[in-house]
A.B. asks: 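Got a structure for you, written out below as structure tokens; questions coming shortly.
This is a predicted model, so every value here is computed, not measured. Letters A, B, ... mirror the listed sequences (proteins, then strands); counts begin at 1.
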Amino acid sequence: MLVEQIAVFLENKSGRLAEITAVLAENNINIRALSVADTADFGILRLIVDKVEKAKEVLKDNGFTVGKTSVIAVEVDDKTGGLAKVLKSIKNASINVEYMYAFVNKTGENAVLIFRFEKMDEAIETLQKDGFTILTREQICAL
Amino acid sequence: MYWQKEQECMSRSDLQALQLERLQTTLKRVATNVPFYRNKFNELHLNPDKLNSLDGIRDYPFTLKQDLRDNYPYGLFAVPLRDVVRVHSSSGTTGMATVVGYSRKDIILWSNLVARILCGAGVTPDDVIQIAFGYGLFTGGFGLHYGAERLGASVIPISAGNTKRQIQIMQDFKTTALVCTPSYALKMADVMMDMGINPNGLSLRYGLFGAEPWSEAMRQEINERLGIRATDNYGLSEVMGPGVAGECGECNGLHVNEDHFLIEILDPDTLEPVKPGEVGELVITTLTKEAFPVIRYRTRDLTRRLPEPCPCGRTFTRVSRMMGRSDDMLIIKGVNVFPTQIEAVLFEIEGTEPHYRLIVERENNEDKLTVMVEVVESIFFDEMRKQRAFVDSIRKRMASELGIGVNIQLVEERTLERFNGKGARVIDKRKL
């Protein structure tokens, strides 16, 4: 049920994001989703890619600090209130969201929400109980 | 103006005879009372009874800061703890710290030697002296305090920090002499401007500065901005604290209190004496201290002898202001910081040899230390909250280890240049 995400440490200096995407492109790695969290001094880039191990390896080879974490991908209809419903379910179970980001799939019908929760196992249980669709890595890559 | 004219102006030949006699006594005392020295002297077959010239000191082994650490806390004391009335310590927490002790007689001596320096700088019993050095284990605050009381000046033991309050008190109490680091004096001048206080309206006349390196340009700036006469003074806790040397009203080099300290200036590489007037490392042997004598202590401070006699009439040798260090120690806000201390904290946190760079800057007359740390996987988090908490935790650990605040800047892996020499890890951008 968990999807692997890679995270890359970024100093706030120009061209770093471009370098990362270039490295991934050269190695035929497809980015499915990404988000950047930033502060005044540094940033954290999070990526969902089709080839996780390969991506980690090539980025490390190119001198980046790379971490791997598990996140949960929830599929919702791309209409008003889609995210609100998920968050309500999570709130009722008193689970905190560490971070989240989203993307819309190619058909434009569904949105995929990527979550990192404080309590991942409980979150999966809660989301399943409330009838949400949780995607596997294969499903995400197939989108 | 002299505090102890008879000593301060004694003839060189009388001084040398006195130094030799005191040196013999000191060597005998440490050989009897301190196992560390006894063992070293035995190994080298040195017999203090046979020392018959001041040059004979050159046969004796050096004492290093590491020796003080190795004998932490009381291993180098030459009197029983019962006779120690005061203990001071240099910055650094356990493992890196050094401890020194003072007998009752040492405290009286210390007070007199600081009084000499205050007196030489122009301070009299009519002065009101504001001591803005930290009080505590650091020798600066108490050293100047006791000396000023001995002299009979009115002492304001305000200690370090809270600049606005310092200035308010300076104004209200009509302070005439200020004791602090030279950079803090400039910081005070800045804050006075912000507060709309004209330094010319204050009673301030003298500034006695020490505990960090400075320059003639800084002296000029301080003199002009505060309308005072700034003098330099020097000391280090391992030897005594302030009172080792200080400038007279000529403001041209520091007179070493040679009746109590024997100095050598050596090439830090060959450990041979430099040619007269050349820059070398100051090495000090105490001649009269009871509780904590040191033999040939390598201060790591670089200076040179000023050979011309001083017009003030003092016969004690003058040395130039400290021109730098022969090791990688940094002095930041008057606090001694070794890069190895920072390295040790990072090593503990990361679990591997850390890659870091230290940047020292002076912004608005205040020193600022930034530690650049390469982010390796073990200290990288995908959650911003954790990454920031991590930065805070290093900042706190460093502050508690070093005794000063630091900025932590995370940088990408392999972006800091690799060096073999440790000194290269420090970039000191301060222009003194």
A.B. asks: Between OG1 of B:T415 and CD of A:E11, what distance do you get to the nearest 0.5 Å?
C.D. replies: 5.0 Å

A.B. asks: To the nearest 0.5 Å, tell me how far A:F42 CZ sits from B:E412 CD.
C.D. replies: 12.0 Å

A.B. asks: Sort out for me which of A:G63, A:G67, A:A37 touches chain B most, counting heavy-atom pairs under 4.5 Å.
C.D. replies: A:G63

A.B. asks: Go through A:N12, A:I6, A:D41, A:V8 and name the one with the most non-hydrogen pairs under 4.5 angstrom from chain B.
C.D. replies: A:V8

A.B. asks: Could you check whether any side-chain heavy atom of B:F380 comes within less than 4.5 Å of a side-chain heavy atom of A:I44, counting everything from C-beta outward?
C.D. replies: yes

A.B. asks: Can you tell me which portion of A:K13 sits under 4.5 Å from chain B's heavy atoms? Options are side chain, backbone, both or neither.
C.D. replies: side chain

A.B. asks: Any chance CE of B:M195 has more than 12 other-residue heavy atoms, nucleotides or ligands included, within less than 6.0 Å?
C.D. replies: yes

A.B. asks: Which heavy atom of A:K60 sits nearest to which heavy atom of B:E377, and what is that distance?
C.D. replies: NZ-OE1, 2.6 Å

A.B. asks: Taking all non-hydrogen atoms of both residues into account, name the closest pair between A:T39 and B:R388 and its distance.
C.D. replies: CG2-NH1, 2.9 Å

A.B. asks: Between the side chain of B:R385 and the main-chain N/O of A:E98, is any donor-acceptor distance below 3.5 Å?
C.D. replies: no

A.B. asks: Taking atom CG of B:N198 as the centre, does the number of heavy atoms from other residues, nucleotides or ligands within less than 6.0 Å exceed 12?
C.D. replies: yes

A.B. asks: Heavy-atom distance under 4.5 Å to chain B: side chain of A:L10, backbone, both or neither?
C.D. replies: both

A.B. asks: Can you confirm whether more than 12 heavy atoms, excluding those of A:K85, are under 6.0 Å from its NZ atom?
C.D. replies: no

A.B. asks: Kindly give the heavy-atom pair with the smallest separation between B:V375 and A:T65, and that separation in Å.
C.D. replies: O-OG1, 2.5 Å

A.B. asks: Answer yes or no: are there more than 12 heavy-atom neighbours, outside A:M1 itself, under 6.0 Å from its atom CE?
C.D. replies: no

A.B. asks: Using a cut-off of 6.0 Å, state whether more than 12 heavy atoms not belonging to B:N364 lie near its atom CG.
C.D. replies: no

A.B. asks: Measure the spacing between CZ of A:R46 and CE of B:M384 and express it to the nearest 0.5 Å.
C.D. replies: 7.0 Å

A.B. asks: Which heavy atom in B:V411 sits nearest to a heavy atom in A:F9, and how many Å separate them?
C.D. replies: C-CE2, 3.6 Å

A.B. asks: Heavy-atom cut-off 4.5 Å, strictly under: side chain, backbone, both or neither for A:Y99 against chain B?
C.D. replies: side chain

